[in-house]
Amino acid sequence: ATLAALLLVALAATSAWAGPKADPVIKGKSVTKQTLASLLAAFRASPGFSADFREEKRMALLAAPLVSRGAIFFRRAAKGSRALRRRGALARHVLSPSRSITVLDASAVRIFDGKRWSSLDLSKRPTVRAFVDAFSTILAGDEAALSALYRITFTAADKGAWSATLVPKAPLLSKVVARLVLSGRGLVLSSLSVHEAGGDSTTMTFTSVRPRRRFSAAEAQRLFPRP
């Protein structure tokens, strides 16, 4: 799985990565610290999210980028512990170049390659878990977790447009990832870029975004499958 693929299939920060919380840097005219807080509060109030994506992975060793397409889904858990309700579940359905489904809920990632299921235990992969926190904590609206993991530069523009640059705080993570950049307009995410310390990058662009999506029981079973 690519870096952005992993980034789209897990959430919730671990205390191992937590550091001193710092206020985000805010840029733009007439912008206050409440801008980021208000955006995350709106995400917290959303029951779910879905979007189509196009992922482009650029690597120094490859002449052309690797491109994949599919859809992602996020739903907030209706029952369970407070932590579980906050985390919800994420699913990434790749449609091309080959089909696969990756689902995260609680602390495990399940991957279906079209033939069989495999799993990734996030508790044993703290670096991977830190990677995936950025996107998911935005969707979950978890400002405390986001600030614990990253130094945040939040830029607000006209008509609700915004961008957020996240620089990892943990030394181990910063050796692998230089920064992550997310952009959007209101609750509609536009793109997510992951810039690795070695120079490689992954950019995901989103279309057909539904930022307040509710899933029926049948949809939840189909889009967030279990082995």
Side-chain angles (χ1 to χ4, degrees), residues 1-14 43-57 66-142 145 182 187-189 191-192 194 202-227:
T2 66
L3 187 73
L6 291 170
L7 192 63
L8 289 168
V9 294
L11 54 147
T14 59
F43 274 116
R44 284 197 300 275
S46 174
F49 172 95
S50 69
D52 295 336
F53 71 82
R54 179 183 186 275
E55 179 183 273
E56 186 173 288
K57 171 76 173 178
L66 300 175
V67 177
S68 61
R69 293 177 173 84
I72 61 169
F73 307 93
F74 171 81
R75 70 183 179 104
R76 200 171 301 280
K79 299 179 180 180
S81 66
R82 179 180 178 183
L84 180 60
R85 291 196 304 273
R86 184 180 70 246
R87 295 174 187 178
L90 273 169
R92 179 181 190 266
H93 292 239
V94 177
L95 302 178
S96 68
S98 60
R99 289 179 174 267
S100 66
I101 300 174
T102 308
V103 180
L104 170 93
D105 54 22
S107 61
V109 176
R110 303 188 303 277
I111 303 169
F112 182 65
D113 63 5
K115 296 181 180 179
R116 61 182 180 274
W117 286 91
S118 58
S119 63
L120 175 65
D121 186 350
L122 292 180
S123 66
K124 297 179 180 179
R125 300 288 296 274
T127 304
V128 172
R129 186 164 190 165
F131 280 139
V132 301
D133 278 336
F135 186 85
S136 56
T137 48
I138 288 284
L139 289 183
D142 195 337
L182 298 98
L187 295 184
V188 178
L189 293 178
S191 66
L192 162 65
V194 181
T202 302
T203 298
M204 302 189 74
T205 53
F206 305 106
T207 57
S208 302
V209 179
R210 297 175 62 183
R212 295 184 177 87
R213 179 165 178 176
R214 294 184 182 276
F215 299 93
S216 67
E219 286 177 325
Q221 185 174 14
R222 175 173 58 87
L223 298 174
F224 303 87
R226 291 179 174 274

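The figures that follow rest on heavy atoms only: side chains count, while hydrogens, waters and symmetry mates do not. Sequence positions, counted from 1, serve as the residue numbers for this chain.
- Atoms CZ and CH2, on Arg226 and Trp117 in that order, are 9.5 Å from each other to the nearest 0.5 Å.
- Across every non-hydrogen atom of Phe206 and Leu192, the tightest pair is CE1-N, 3.9 Å.
- Across all non-hydrogen atoms, the minimal contact from Phe73 to Ser50 is CD2-CB, 3.5 Å.
- For the pair Val67 and Pro97, the tightest heavy-atom approach, listed with the atom from each and the gap, is O-CD, 3.6 Å.
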Derivation and outcome, side chain to side chain contact (heavy atoms under 4.5 Å, CB included), residues Asp142 and Phe43: CA-CA 9 Å; Asp142 195 337; Phe43 274 116; over 6 Å; no
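- Side-chain atoms of Ser46 come within 3.5 Å of backbone N or O of Gly48 as a donor-acceptor pair.
- Minimum interatomic distance between Arg110 and Pro225 (heavy atoms only, all atoms of both residues): NH2-O, 3.0 Å.
- Residue Ser119 holds its OG atom at 8.0 Å from CD1 of Ile111, rounded to the nearest 0.5 Å.
- A salt bridge does not link Lys57 to Glu55: none of the charged nitrogens lies less than 4.0 Å from a carboxylate oxygen.
- Between the CG atom of Leu95 and the CD1 atom of Ile101 there is a distance of 9.0 Å, given to the nearest 0.5 Å.
- In this structure, Arg214 places its CZ atom where only 12 or fewer heavy-atom neighbours from other residues, nucleotides or ligands lie under 6.0 Å away.
- Scanning all heavy atoms of the two residues, the minimum distance from Ala51 to Val209 falls at CB-CG2, 3.8 Å.
- Rounded to the nearest 0.5 Å, atoms CG (Asp52) and NE2 (His93) are 11.5 Å apart.
- Tested against Phe49 for a side-chain contact (heavy atoms from CB on, under 4.5 Å), the candidates Leu139, Leu90, Ile138 yield a single pass: Leu139.
- Here Met204 contributes atom CE and Arg69 contributes atom CZ; the two are 11.5 Å apart, rounded to the nearest 0.5 Å.
- Interatomic distance, Arg44 CZ to Arg76 CZ, rounded to the nearest 0.5 Å: 8.5 Å.
- Nearest heavy atoms, Ser68 versus Val94: CB-CG1, 4.4 Å.
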Test side chain to side chain contact (heavy atoms under 4.5 Å, CB included) applied to Phe112 and Val103, step by step: CA-CA 9 Å; Phe112 182 65; Val103 180; over 6 Å; no
